[in-house]
Engineer: 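Before I ask anything, here is the structure I am working with.
Start at 1 with the first residue, then count along the sequence. Counting starts at 1 for both ligands and their atoms, in listed order. Note that the coordinates shown come from a computational prediction; the quantities given were computed from them, not determined experimentally.
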Amino acid sequence: MINIDMEKLGKKSSAIRELFEQGKLLKEKYGVDKVFDFSIGNPSIPCPKKVNDTLIDLLSIANSKDCNENYNKIDSYKPLNSNQLHGYSSAGGDIDVRNSISEYLNTTYSADTLGELIYLTTGAASALSISLKALTTGKSKDEVIVFAPYFPEYLVFIKNANATTIKVLPDYNTFYPDLNDFENKINENTSVVIINSPNNPTGVLYTENVIKDICKILKDKEKEYKHPIYLISDEPYRELIYVDKKYPFITNYYDNSIITYSFSKSISIPGERIGYILVNQNAENANDIYMAICGAGRSQGYVCAPTLFQQLIPHILGITSDISIYKKNAKLFSDELTKIGYEVIEPDGAFYLFVKALCTDDKEFSKKALEYNLLLVPSESFGIKGYVRIAYCVSETQIINSLPQFKNLYNFYK
Ligand code: PLP
């Protein structure tokens with residue numbers, strides 16, 4: 001017998017992927033330039049040149065007969081021969097790579113992190129899946145709080161950890177979490193809270209005050225229920241910020257915190273699958289948490305993230321793709337849609353615009369938009385009603401050419 005739940009999950013792709021597939025059919029029918037696909041968050045800006053240059057250097061050193069000799073010439077590289085470069089690393093990743101991440105974080109965010117408490121992963125997706133498995137008991141009573149609108153895959157990972165998702169509503173004026181609702185939904189079964197800022201799908205960045213308020217509530221509730229409530233900060237968009245606001249680095253604000261990070265978006269390499277989990281060294285029993293992370297990684301087969309891409313990391317820390325292009329897209333799109341009459345949430349970062357649907361049913365609105373060859377993701381899949389998400393990690397030309405269709409769609413409703 002196969003696992004029926006897994007079969008169902010396999011058959012039911014996410015709303016985003018479903019739309020992405022529909023887009024492919026529309027493109028075949030109408031031509032690529034007539035279909036405006038804003039469905040998926042696939043970075044459109046090339047990775048920084050340093051990424052490819054470093055990979056070439058790593059590979060040519062490994063290719064040379066005497067990699068030690070070459071290493072001496074390019075002294076920032078570790079002398080890895082071909083077998084080492086393509087071989088297994090330690091399950092949690094190469095310790096030198098993990099230490100380089102820790103040093104970078106400590107310098108950049110005045111943080112106090114340890115390489116020993118970093119676990120390299122295949123992107124943020126496996127980092128989340130491992131962390132949720134490690135931070136819940138697996139005995140079905142655990143509750144995990146997510147702030148709507150949220151990244152839909154959280155629900156899949158929470159279910160896989162045999163825990164229950166508890167949804168907290170947003171304050172619709174700011175799209176920060178509704179803190180009264182948050183406080184009311186914490187109880188003795190609350191094990192984990194997930195935050196994601198800059199946020200997918202709203203583009204909103206939580207200010208330092210919002211982070212402080214969330215942490216204050218959590219600290220009080222930890223005291224009340226006498227057990228840790230872990231805060232997972234999911235940060236694939238950490239560097240994609242377009243406003244002049246400080247990024248509150250979560251381990252500086254809350255002890256029982258874990259960061260899940262990905263290089264997918266910051267350096268445009270989502271297909272290469274590299275990221276990490278960081279356990280705050282000030283967390284209660286941080287070493288035990290880290291061991292649970294190792295166990296959860298092992299139990300799900302997530303060991304030894306791709307070695308070549310591990311070795312890339314020390315050379316590209318602090319470098320991003322040219323995000324000024326996303327910033328320009330965000331302003332252009334947001335200004336033009338507002339001019340037409342759409343209500344747009346002002347984006348602070350990431351590469352998504354959250355726009356009010358022109359009818360109450362966002363699925364119906366998304367379906368209507370398809371008739372205008374506009375692929376917009378309905379907000380129901382992010383846990384709230386009445387909006388659509390537009391991924392603007394596309395070319396400026398695509399945005400400009402889509403505007404008449406947005407106007408036509410608007411005219412249909414008005
Ligand atoms: N978390 C959020 C909020 C995301 O938007 C994504 C991807 O879009 C992920 C996690 C997964 O990222 P990765 O590609 O690194 O697995």
Engineer: Mind telling me whether Tyr242 and Tyr392 have parallel, tilted or perpendicular rings, with 30° and 60° as the class edges?
Structural biologist: tilted
Engineer: Note the single closest protein heavy atom to atom 15 (O) of ligand 1, along with its residue, its atom name and the distance in Å.
Structural biologist: Ser262 OG, 2.6 Å
Engineer: What I want to know is whether Ala125 and ligand 1 share at least one N or O pair that is separated by under 3.5 angstrom.
Structural biologist: yes
Engineer: Considering non-hydrogen atoms of the protein only, which is the closest contact for atom 2 (C) of ligand 1, and what is the distance?
Structural biologist: Asp234 OD2, 3.4 Å
Engineer: Kindly indicate whether the side chain of Tyr387, heavy atoms from C-beta on, has any atom under 4.5 Å from the side chain of Val377.
Structural biologist: no
Engineer: Any idea which atoms of ligand 1 are less than 4.0 Å away from a heavy-atom of Ser264?
Structural biologist: 13 (P), 14 (O), 15 (O)
Engineer: What is the closest protein heavy atom to atom 6 (C) of ligand 1, and at what distance does it sit?
Structural biologist: Phe151 CZ, 3.4 Å
Engineer: Any side-chain heavy atom of Lys212 within less than 4.5 Å of one from Lys216?
Structural biologist: no
Engineer: Given side chains that start at C-beta, do those of Pro248 and Tyr253 come closer than 4.5 Å, heavy atoms only?
Structural biologist: yes
Engineer: Could you give the distance from CD1 (Ile390) to CG (Asp37), rounded to the nearest 0.5 Å?
Structural biologist: 12.0 Å
Engineer: Nearest to atom 12 (O) of ligand 1, what protein heavy atom do you find, and at what distance?
Structural biologist: Ala124 CB, 3.6 Å
Engineer: Closer than 4.0 angstrom, basic N to acidic O: yes or no for Glu364 and Lys367?
Structural biologist: no
Engineer: Is the Tyr150 ring parallel, tilted or perpendicular to the Tyr154 ring (thresholds 30°, 60°)?
Structural biologist: tilted
Engineer: Which part of Pro236 is near ligand 1, with near meaning a heavy atom under 4.0 Å away: side chain, backbone, both or neither?
Structural biologist: side chain
Engineer: Using a strict cut-off of 4.0 Å, indicate which atoms of ligand 1 neighbour a heavy atom of Arg273.
Structural biologist: 13 (P), 14 (O), 15 (O), 16 (O)
Engineer: Which of the atoms in ligand 1, numbered in the order shown and given with their element, are less than 4.0 Å from a heavy-atom of Lys265?
Structural biologist: 7 (C), 8 (O)
Engineer: Does any N or O of ligand 1 fall below 3.5 Å from an N or O anywhere on Thr122, backbone included?
Structural biologist: no
Engineer: Looking only at atom types and distance, does a side-chain atom of Asp234 sit under 3.5 Å from a main-chain N or O of Leu128, one as donor and one as acceptor?
Structural biologist: no
Engineer: For Phe263, state whether at least one heavy atom is located under 4.0 Å from any atom of ligand 1.
Structural biologist: no
Engineer: Using a 4.0 Å cutoff against the non-hydrogen atoms of Asn196, which atoms of ligand 1 qualify?
Structural biologist: 3 (C)
